Amino acid sequence: MSEWQAVDFLLRAKRQTYAGNGGEEKEPCRPGAHDFRYEEEDYFYMDTYLGGRLFTGEEAVWQKQEKAAVPIWSMNYSGRTLADSFDTGFLKEALGLVDEKKPFRGPALYRKGEYLYHCSSCGSLEWFQGQEEIYYGTVKIYECVFHGGAVA
């Protein structure tokens, strides 16, 4: 699988699941987990997280092969909301703007009204790390760190 194919699939998967208000699985893979799945002919994606105000999770991609699906990429994330003014809808909007150059979370900057989303990262699809923050006015109301890369 080429890196370009993985990015193309990953962007579609992200926009069809949590960021795109996709449906949560009825039976989570772990007690208390929130699972979001997306599947196409050659690939399978899952985003699963624990918690709410304080949360941790993982996104992963598998490539389907003749006998089994093989994991090829994953990203771990952990974060927290810091104020009642946090808006999940705004976070989902920002995450839905993920692009092929940095297909990890949202864009470097996104603003809507009093809300400002900021994401910084380094690395490539194969190995990366970063952080994101949301501000309401000048007050930080959300923060999350993430890292991941290829699985071989």
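Just so it is clear, the structure is predicted and the values come from calculations on it, not from any experiment.
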Heavy-atom check, side chain of Val145 versus side chain of Gln129, under 4.5 Å:
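Sidechains of Gln129 and Val145: no contact.
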
Less than 4.5 Å apart, any side-chain heavy atom of Thr48 and any of Pro28?
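No. Closest side-chain heavy atoms not under 4.5 Å.
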
Quick one: [atom1] on [X] to [atom2] on [Y], what's the gap to the nearest 0.5 Å?
X: Phe86; Y: Ile134; atom1: CZ; atom2: CD1; value: 5.0 Å
X: Cys122; Y: His147; atom1: SG; atom2: NE2; value: 12.5 Å
X: Asn21; Y: Gln16; atom1: CG; atom2: CD; value: 11.0 Å
X: Glu100; Y: Leu11; atom1: CD; atom2: CG; value: 6.5 Å

If I compare all heavy atoms of [X] with all of [Y], which pair ends up nearest, and what's the gap?
X: Asp35; Y: Glu27; answer: OD2-O, 4.4 Å
X: Ser85; Y: Ile141; answer: OG-CG2, 3.4 Å
X: Ala33; Y: Leu50; answer: CA-CD2, 3.6 Å
X: Ser74; Y: Phe128; answer: O-CZ, 4.3 Å
X: Gly123; Y: Phe104; answer: O-CZ, 4.3 Å
X: Pro107; Y: Cys119; answer: O-CB, 3.3 Å

Does [X] have any ring pair (Phe, Tyr, Trp, His ring centres under 6.0 Å) partners at least two apart in sequence or in another chain, and if so, which?
X: Tyr110; result: Phe90
X: Phe36; result: Tyr18
X: Phe146; result: none
X: His34; result: Tyr49

Could you tell me whether a side-chain N or O of [X] sits under 3.5 Å from a main-chain N or O of [Y], the two making a donor and an acceptor?
X: Ser78; Y: Phe55; value: yes
X: Tyr117; Y: Gly106; value: yes
X: Arg111; Y: Leu116; value: no

Quick check: is [Y] connected to [X] through a chain of hydrophobic side chains (ILVMFWY, heavy atoms under 4.5 Å apart)?
X: Val7; Y: Phe9; value: yes
X: Trp127; Y: Met75; value: no
X: Val139; Y: Leu91; value: yes
X: Leu97; Y: Leu95; value: yes
X: Val70; Y: Tyr43; value: no

Under the side chain to side chain donor-acceptor pair (under 3.5 Å) rule, collect the residues that match up with [X], sequence neighbours excluded.
X: Thr81; result: none
X: Asp87; result: none
X: Glu133; result: Tyr135, Lys140

Applying salt bridge (Lys or Arg N to Asp or Glu O under 4.0 Å) as the test, list every pair that has at least one member in residues 47-70; sequence neighbours left out.
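Those involving residues 47-70 are Lys14-Glu59, Glu39-Lys64, Glu59-Arg105.
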
Please list all pairs passing the salt bridge (Lys or Arg N to Asp or Glu O under 4.0 Å) test where one or both residues lie in residues 77-86, with sequence neighbours left out.
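Sorted pair list: Arg80-Glu143.
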
Using a distance-only test with no angle check, is there a side-chain donor-acceptor pair under 3.5 angstrom linking Tyr45 and Glu40?
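Absent: no donor and acceptor within the cut-off.
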
Side-chain hydrophobic cluster, 4.5 Å single linkage: members besides Trp62:
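Grouped by the 4.5 Å side-chain rule, Phe44, Met46 form the rest of the cluster around Trp62.
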
What residues, two or more places apart in sequence or in another chain, satisfy side chain to side chain contact (heavy atoms under 4.5 Å, CB included) together with Asp42?
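None.
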
Quick one: salt bridge (Lys or Arg N to Asp or Glu O under 4.0 Å) partners of Glu24, sequence neighbours excluded?
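If we apply the salt bridge (Lys or Arg N to Asp or Glu O under 4.0 Å) test to Glu24, skipping adjacent residues, there are no hits.
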
